[in-house]
Amino acid sequence: MGSAAAQRPHPEIMPLGLLWLGLTLLGALQTQAQASTPNLIPAPPLLKVPLQQDFQDDQFQGKWYVVGLAGNAVSKEEQGKFKMYSTTYQLKEDHSYNVTSILFRDQNCDYFIRTFVPSSQPGQFSLGNIKAYPEVQSYTVRVVATNYHQFAMVFFKKVSKNKEYFKITLYGRTKELTPELKEDFVRFTKSLGLTDDHILFPVPIDKCIDE
Ligand SMILES: *[C@@H]1O[C@H](CO)[C@@H](O)[C@H](O)[C@H]1NC(C)=O
């Protein structure tokens, strides 16, 4: 994950007389930003995304390492640089999860905490307190497959600023998974329209994620 600050220029506030220039500049920056955003592969309809039958929310709890990552905004070019991160699911009394991801970035441990709220069927979730994320219009999580003790594949779809992003994570209880599980993951992500250019296997690390 790159630095968001570096990607989003903040144009300085213009004196009123230069407002037209500022607006022109802003337009130019936006055009540039759009040009540098590759066309996104469309997200598949949820109907095309399998759901783990008889999902057991208590067994899914605990720490998962992100062993594989694929998505329409994921670039294979980061392979070799993209560090492994972990995501921990903690069940609350109302059967929502506290979801904490830990990333090692810029020599620090970064924590991301959010809530996944059960939605239409077991294994499917939406983002809790979505109002706290003004740019997010919708967010869907679906556990595609898991055996709870070894691996899981989870599908995420997010509509943000009118763009539809989707990603699939291959989770492992350990930092390594068998070649067969990785191949299944690749096959599945391709069935959703992604190509090898959109699949990467993060580099295993120890810092932060082993806490
Ligand atoms: C969930 O997160 C909230 C806020 O960080 C915390 O107060 C609460 O104890 C957590 N609950 C569980 C079950 O982890």
Side-chain angles (χ1 to χ4, degrees), residues 1-8 46 49-71 73-74 82-161 164-177 181 185 202-211:
M1 269 161 225
S3 155
Q7 286 161 9
R8 276 184 226 123
L46 270 182
V49 181
L51 172 71
Q52 173 61 49
Q53 291 304 297
D54 194 24
F55 178 73
Q56 302 295 318
D57 61 2
D58 54 334
Q59 292 186 46
F60 191 76
Q61 291 187 91
K63 188 199 284 189
W64 291 101
Y65 295 107
V66 178
V67 174
L69 180 66
V74 172
F82 193 101
K83 296 187 195 79
M84 189 170 281
Y85 61 99
S86 70
T87 300
T88 299
Y89 290 73
Q90 292 167 295
L91 211 48
K92 300 198 274 190
E93 266 176 29
D94 66 357
H95 287 264
S96 297
Y97 284 118
N98 270 1
V99 182
T100 307
S101 294
I102 310 180
L103 288 77
F104 176 50
R105 280 205 305 210
D106 304 329
Q107 305 302 315
N108 286 310
C109 301
D110 278 357
Y111 294 78
F112 283 100
I113 303 170
R114 63 266 192 219
T115 306
F116 290 173
V117 180
S119 66
S120 47
Q121 32 194 347
Q124 191 167 315
F125 302 86
S126 58
L127 186 62
N129 191 22
I130 196 163
K131 289 196 194 77
Y133 310 84
E135 74 284 7
V136 178
Q137 290 145 277
S138 82
Y139 194 98
T140 305
V141 181
R142 180 183 277 218
V143 179
V144 173
T146 185
N147 61 4
Y148 305 100
H149 68 273
Q150 184 189 25
F151 84 98
M153 284 199 283
V154 183
F155 173 85
F156 300 80
K157 179 155 117 177
K158 170 175 90 169
V159 180
S160 173
K161 296 181 179 164
E164 212 168 43
Y165 298 93
F166 74 103
K167 70 177 181 188
I168 306 98
T169 55
L170 173 62
Y171 286 156
R173 289 297 191 188
T174 52
K175 295 176 194 174
E176 306 280 349
L177 287 175
L181 283 169
F185 167 71
V203 183
I205 57 166
D206 299 327
K207 287 211 173 78
C208 305
I209 68 175
D210 282 344
E211 282 174 13

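When a ligand or atom number is given, it counts from 1 through the structure's own listing order. Values below: all heavy atoms of this structure, side chains included; hydrogens, waters and symmetry mates excluded.
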TODO: Give a yes/no verdict on a cation-pi contact between Lys158 and Tyr165, requiring under 6.0 Å between NZ or CZ and the six-membered ring centre and an angle within 45° of the axis.
DONE: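 The answer is yes, since Lys158 meets both limits relative to Tyr165.
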
Task: side chain to side chain donor-acceptor pair (under 3.5 Å) involving Ser101 - partner list, sequence neighbours excluded - done: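 Listed in chain order: Thr87, Arg114.
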
Which atom pairs, donor and acceptor, lie under 3.5 Å between side-chain atoms of residues 144-153 and protein residues at least two apart or in another chain?
residue : atom : partner : partner atom : Å
Thr146  : OG1  : Tyr148  : N            : 2.9
Thr146  : OG1  : Phe151  : O            : 2.7
Asn147  : OD1  : Gln150  : N            : 3.1
Asn147  : OD1  : Phe151  : N            : 3.1
Asn147  : ND2  : Gln150  : OE1          : 2.9
Tyr148  : OH   : Gln56   : N            : 2.8
His149  : ND1  : Asn147  : O            : 3.0

Task: Closest protein heavy atom (residue, atom, distance) for atom 13 (C) of ligand 1 - done: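 Nearest protein contact, heavy atoms only, for atom 13 (C) of ligand 1 is Leu91 O, 3.6 Å.
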
- [ ] Give the residue, atom name and distance (to 0.1 Å) of the protein heavy atom nearest atom 4 (C) of ligand 1.
- [x]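 I find the closest protein heavy atom is Asn98 ND2, 4.5 Å.
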
Open item on the list: With a cutoff of 4.0 Å, is Thr115 in contact with ligand 1, counting heavy atoms of the residue only?
Closed with: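 Checking ligand 1 against Thr115, which is what was asked, there is no heavy-atom contact under 4.0 Å.
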
Open item on the list: Please determine whether side-chain contact (heavy atoms from CB on, under 4.5 Å) holds for the pair Leu91 and Asp58, giving the CA-CA distance in whole Å, both sets of side-chain angles, and the decisive distance to 0.1 Å.
Closed with: CA-CA 7 Å; Leu91 211 48; Asp58 54 334; 4.2 Å; yes

Open item on the list: With heavy-atom distances below 4.0 Å as the criterion, list the atoms of ligand 1 near Gln90.
Closed with: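 Per the distance check, 14 (O).
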
- [ ] Return a yes/no value: protein heavy atom under 4.0 Å from atom 9 (O) of ligand 1?
- [x]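 Within 4.0 Å of atom 9 (O) of ligand 1, no protein heavy atoms are found.
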
TODO: Could you check whether the rings of Phe125 and Phe116 sit parallel, tilted or perpendicular, using 30° and 60° as the cut-offs?
DONE: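 Ring orientation, 0 to 90° scale: tilted.
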
